[in-house]
Amino acid sequence: EPFYWSGKMYDFKFDGEFFVLGKAEENQVQIWMRDNSVGSDFNLLTTLTPPENTRSFGSSVALSNGRIVVGAPDDTRGDLRNGGAVYVYKRDGLAWSPEIKVMSELAGSGERFGRSVALSGNTLLIGAGGGARSSSALSGDYPASVYSYELPTIWSLSVLHSTGGSVSSSPSGIDCG
């Protein structure tokens, strides 16, 4: 669950080896690595920034199986304001490289796709909340949605679940309520 400290929003995940810190107001994600030779100290390995000019990069983060997922729910593309996007990075040794940028074709302005993210194995869950859908397949207001993507060889949308409540991340995944 993202948290606020000194008026700034952060999110973090830890997998025992890497500590990932999303800093939305600074549009960056820091990756820290545990230095077992010095006890439990951490060293800054690298800082991820969005590949293009976007806002709120690092609002939500997930870490699993050699991948980092970064939500940027205020990402704007074309006329779609705050539609959101999610960036997936893959680890190769100690380097983290962009794998894919995920955007919802169903999200409307204000949808905030990427508000929360969760990753387990090859399953990626992306939460969105707020706004109206602009797709012909789905119309009307959907204040909360969860998108599920699978990775056989490319990320593809497999499930969409919408509720009338809110979407937030938790240690066990994404909660809809």
Side-chain angles (χ1 to χ4, degrees), residues 1-76 82 84-104 112-129 146-156 158 166-177:
E1 184 75 28
F3 66 96
Y4 290 87
W5 184 57
S6 295
K8 294 184 179 182
M9 186 168 74
Y10 299 92
D11 192 16
F12 68 93
K13 296 297 180 282
F14 177 62
D15 72 355
E17 181 179 10
F18 294 98
F19 178 80
V20 178
L21 177 64
K23 301 169 99 178
E25 273 80 7
E26 297 174 34
N27 243 10
Q28 65 177 242
V29 172
Q30 294 179 339
I31 303 172
W32 297 76
M33 184 174 172
R34 177 177 273 187
D35 184 353
N36 290 325
S37 67
V38 189
S40 59
D41 286 352
F42 286 85
N43 297 314
L44 180 62
L45 184 61
T46 191
T47 299
L48 304 175
T49 56
E52 68 258 1
N53 189 19
T54 190
R55 296 182 357 227
S56 69
F57 181 85
S59 291
S60 57
V61 294
L63 171 65
S64 177
N65 206 23
R67 284 193 174 91
I68 293 174
V69 178
V70 180
D74 295 330
D75 186 51
T76 298
N82 299 332
V86 169
Y87 298 84
V88 180
Y89 293 83
K90 189 171 184 179
R91 188 178 105 187
D92 182 14
L94 294 179
W96 294 86
S97 303
E99 182 175 18
I100 192 167
K101 177 181 178 180
V102 183
M103 298 176 291
S104 171
R112 303 200 73 231
F113 181 80
R115 180 173 176 234
S116 55
V117 294
L119 181 63
S120 179
N122 290 332
T123 302
L124 169 62
L125 298 177
I126 300 173
V146 175
Y147 298 79
S148 175
Y149 292 83
E150 296 296 324
L151 177 67
T153 54
I154 60 169
W155 293 97
S156 59
S158 59
S166 62
V167 175
S168 64
S169 61
S170 71
S172 60
I174 295 179
D175 299 325
C176 293

Worked check of side-chain contact (heavy atoms from CB on, under 4.5 Å) between Val86 and Val117: CA-CA 8 Å; Val86 169; Val117 294; 4.1 Å; yes
From Phe57 CZ over to Gln28 CD, what is the distance, rounded to the nearest 0.5 angstrom? 9.0 Å
State, with a plain yes or no, whether a side-chain heavy atom of Tyr149 is found less than 4.5 Å away from one of Thr123. no
How long is the straight-line distance from CH2 of Trp32 back to CG of Asp41, given to the nearest 0.5 Å? 10.5 Å
Is there a side-chain contact between Lys23 and Glu25, using heavy atoms and a 4.5 Å cut-off? no
Grab the two heavy atoms, one from Ser64 and one from Ser120, that are nearest each other, plus how far apart they are. OG-CA, 4.1 Å
Please tell me if the side chains of Leu21 and Val29 come closer than 4.5 Å, counting only heavy atoms from C-beta onward. no
Could you tabulate the donor-acceptor pairs under 3.5 Å formed by side-chain atoms of residues 42-50, not counting sequence neighbours?
| residue | atom | partner | partner atom | Å |
| --- | --- | --- | --- | --- |
| Asn43 | ND2 | Asp35 | OD2 | 3.4 |

Atom of Ala62, atom of Lys13 and distance for their closest heavy-atom approach: CA-CG, 4.0 Å
Side-chain heavy atoms of Ile126 within contact of Val146, under 4.5 Å: no
Roughly how far, to the nearest 0.5 Å, is the CZ atom of Arg34 from the CD atom of Glu17? 9.5 Å
Does the side chain of Asp75 pick up a donor-acceptor pair with the side chain of Thr54 at under 3.5 Å? yes
Taking the side chain as everything from C-beta on, heavy atoms only, tell me whether Val88 gets closer than 4.5 Å to Ile68. no
With sequence neighbours excluded, residues passing ring pair (Phe, Tyr, Trp, His ring centres under 6.0 Å) with Phe18: Trp96
Non-hydrogen side-chain atoms of Val69 and Val61 separated by less than 4.5 Å: no
Distance-minimising heavy-atom pair for Ala128 and Tyr147: CB-CE1, 4.0 Å
Do Arg112 and Asp74 have side-chain heavy atoms sitting under 4.5 Å apart? yes
Is there a donor-acceptor contact under 3.5 Å from the side chain of Ser59 to the main chain of Gly71? no
Could you walk me through whether Glu99 and Arg91 pass the salt bridge (charged side-chain N to carboxylate O under 4.0 Å, His left out) test, one step at a time? CA-CA 9 Å; Glu99 182 175 18; Arg91 188 178 105 187; over 6 Å; no
Between Phe19 and Phe14, what is the ring plane arrangement, given parallel below 30°, perpendicular above 60°, and tilted in between? tilted
Hey, is the main chain of Ala24 close enough, under 3.5 Å, to the side chain of Ser56 for a donor-acceptor pair? no
Taking all heavy atoms of Arg55 and all of Asn27, pick out the closest pair and write down the distance. C-OD1, 3.5 Å
Heavy atoms only: give me the nearest Gly84-Met103 pair and the separation to one decimal. O-CG, 4.4 Å
